[in-house]
There are 2 protein chains.
Amino acid sequence: MIDTKQKILDTAERLIGDQGYAATSLRHIIAEAGVNLAAVNYHFGSKEDLLDELILRKAAGVNQERLALLDRLEEEAAGAAIPVGKVLTAFFDPMMEAGSRNPQFVKLMGRMYAEGLLPGVVSKHFQPTLIRFVQALRRSLPTLPEAELFSRLQFMIGAMSHAVCASRTVPAAVIPADGVPDFRQTMRWLVVFLTGGLQAPPTPEVP
Amino acid sequence: MIDTKQKILDTAERLIGDQGYAATSLRHIIAEAGVNLAAVNYHFGSKEDLLDELILRKAAGVNQERLALLDRLEEEAAGAAIPVGKVLTAFFDPMMEAGSRNPQFVKLMGRMYAEGLLPGVVSKHFQPTLIRFVQALRRSLPTLPEAELFSRLQFMIGAMSHAVCASRTVPAAVIPADGVPDFRQTMRWLVVFLTGGLQAPPTPEVP
DNA sequence: GTCTATACTGAGATAGAC
DNA sequence: GTCTATCTCAGTATAGAC
């Protein structure tokens, strides 16, 4: 059948989103999809390549939107520095939208993060977009030394990745009684937090 | 031999630090340690329990120091709020020290993070310490609504975890030419970044 | 109590028939 | 393109020697 590939993709997306990548065996996927085990390796090469296809068909649209928003900001600024908050909003809004429209996407990215697969996924599918935003932030924060800016971007990526998936790291004792806030709210809070962190004064040198 | 257990622990620490947890098979560990496969399950129960022992013997001292520093800060403050930066420094200094004395510890924690094992490790070995620091930060940031403070702590943990391991997430194109900064420097920058983020004004409500 | 040898189950990958 | 059969390697469990 020609849609064996599609059936594998759809089933894998659902199962990996629900159970995680490592916990979802190819044998489980092919059983639910009603196809043969070897079909996975025939169509995708390996379990990891199957995952790449899953991410790709979700991430492409988000990154396009991000770049379009950044293009518009740079056009409006006409060479001047863009405020940090605006750059960050251009980066987070498309993800927020995608997350609201299709929770499965956020779920999948959260799983990737939780299993330590995000660095690989990021460098494969988000690298060009990241470079553009890094350059924009460099212009927005001209007083910050290069090396410290680089570190702060690392911190930013860490906070962002962690925020995407509802984590159980912070002990239950300190979780507010009104439950976990929704995704859009978390993203708004994240932008404010990151703006504060990125705009902090440069760290004084120690002797 | 009585030190079979020690040999397993030492070899596992080295191999897992170098290659990661998932990539290091028990068979590889026992081959290098020169012991039998079943000795692992005899002494530790499972691969995961072996990892727990590794973390435990490294983390206990760090957490004790952290709590001692926080105790002193609270004593000095005599009931008043402690500045955010001081609380963070009390949290990070012991890790910095441990990292400088014994790079293997940081390496191991970085691996845990990279493989998505950190949440489990944290809730097992760092939970009591975290609770104390969360309470202190709550008093240091009285104007911040509870829910947003909680989210910011999540962001903080994300940034911190990510910073501990030299990650390859940010594209090589933007890495400064002078290479990766040392661990102590990164921690100092992290404290400044987090202080800025935690002290940002509360996010305005949207209708 | 410790340790060895060996067997068991389930994973991903692959060669070759159709 | 698809499927069967098989391979290698993982973590785990058990039986029994010292």
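From a predicted model like this one, the values you see are computed outputs, not experimental measurements. Lettering of chains follows the sequences in order, A, B, ..., and the numbering in each one begins at 1. The figures here come from the full heavy-atom set of this structure, side chains too, leaving out hydrogens, waters and symmetry mates.
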Practice task
May I have all residue pairs that pass salt bridge (charged side-chain N to carboxylate O under 4.0 Å, His left out) and include part of residues 33-47 of chain B, sequence neighbours excluded?
Solution key: none

Completion exercise
Whole-Å distance, B:Asn41 CG to C:dA7 C1', equals 14 Å

Exercise for the section: Mind listing the residues from residues 14-23 of chain B sitting with a heavy atom below 4.0 Å of DNA chain C? Number order is fine. Expected result: none

Completion exercise
By side chain to side chain donor-acceptor pair (under 3.5 Å), A:Arg188 pairs with (sequence neighbours left out) none

Problem - NZ or CZ of B:Arg152 within 45° of A:Phe193 ring axis and under 6.0 Å - result: no

Handout entry: salt bridge (charged side-chain N to carboxylate O under 4.0 Å, His left out) pairs, two or more places apart, involving residues 89-109 of chain B
Key = B:Asp18-B:Lys107, B:Glu97-B:Arg184

Problem - salt bridge (charged side-chain N to carboxylate O under 4.0 Å, His left out): pairs with one or both residues in residues 113-122 of chain B, sequence neighbours excluded - result: none

Problem - Residues which pass salt bridge (charged side-chain N to carboxylate O under 4.0 Å, His left out) with B:Asp49, listed by chain and number, not counting sequence neighbours - result: none

Exercise for the section: Examine A:Phe155 together with B:His162 and report whether their ring centres are nearer than 6.0 Å. Expected result: no

Practice task
Would you mind reading off the distance between B:Ile29 atom CD1 and D:dT12 atom C1', rounded to a whole angstrom?
Solution key: 14 Å

Fill in the blank from the handout: Here the distance between atom C1' of C:dG10 and atom CD1 of A:Ile30, to the nearest Å, is 13 Å

Report all side-chain donor-acceptor pairs from residues 55-62 of chain A shorter than 3.5 Å, counting only partners two or more places apart or in another chain.
residue : atom : partner : partner atom : Å
A:Arg57 : NH2  : A:Asp10 : OD1          : 3.1
A:Arg57 : NH2  : A:Glu13 : OE1          : 2.9
A:Lys58 : NZ   : A:Glu13 : OE2          : 3.3

Exercise for the section: Could you note down all residue pairs passing salt bridge (charged side-chain N to carboxylate O under 4.0 Å, His left out) where residues 19-43 of chain A supplies at least one of them, sequence neighbours left out? Expected result: A:Arg14-A:Glu32

Problem - Gap between atoms NE2 and C1', on A:His43 and C:dG12 respectively (whole Å) - result: 17 Å

Problem - Value in whole Å for how far the P atom of D:dA10 lies from CG of B:Leu26 - result: 9 Å

Handout entry: Whole angstrom value for the distance that separates C1' of D:dT12 from CG of B:Leu50
Key = 14 Å

Write out a two-atom table: protein N or O, nucleotide N or O from nucleotides 3-9 of chain D, distance below 3.5 Å.
residue : atom : partner : partner atom : Å
D:dT4   : OP2  : A:Asn36 : ND2          : 3.2

Fill in the blank from the handout: To the nearest angstrom, the NZ-P distance between B:Lys5 and C:dG1 comes to 13 Å

Handout entry: Value in whole Å for how far the P atom of D:dG1 lies from CD of A:Gln6
Key = 14 Å

Practice task
Ignoring backbone atoms, establish whether A:His28 has a side-chain N or O less than 4.0 Å from OP1 or OP2 of C:dA11.
Solution key: no

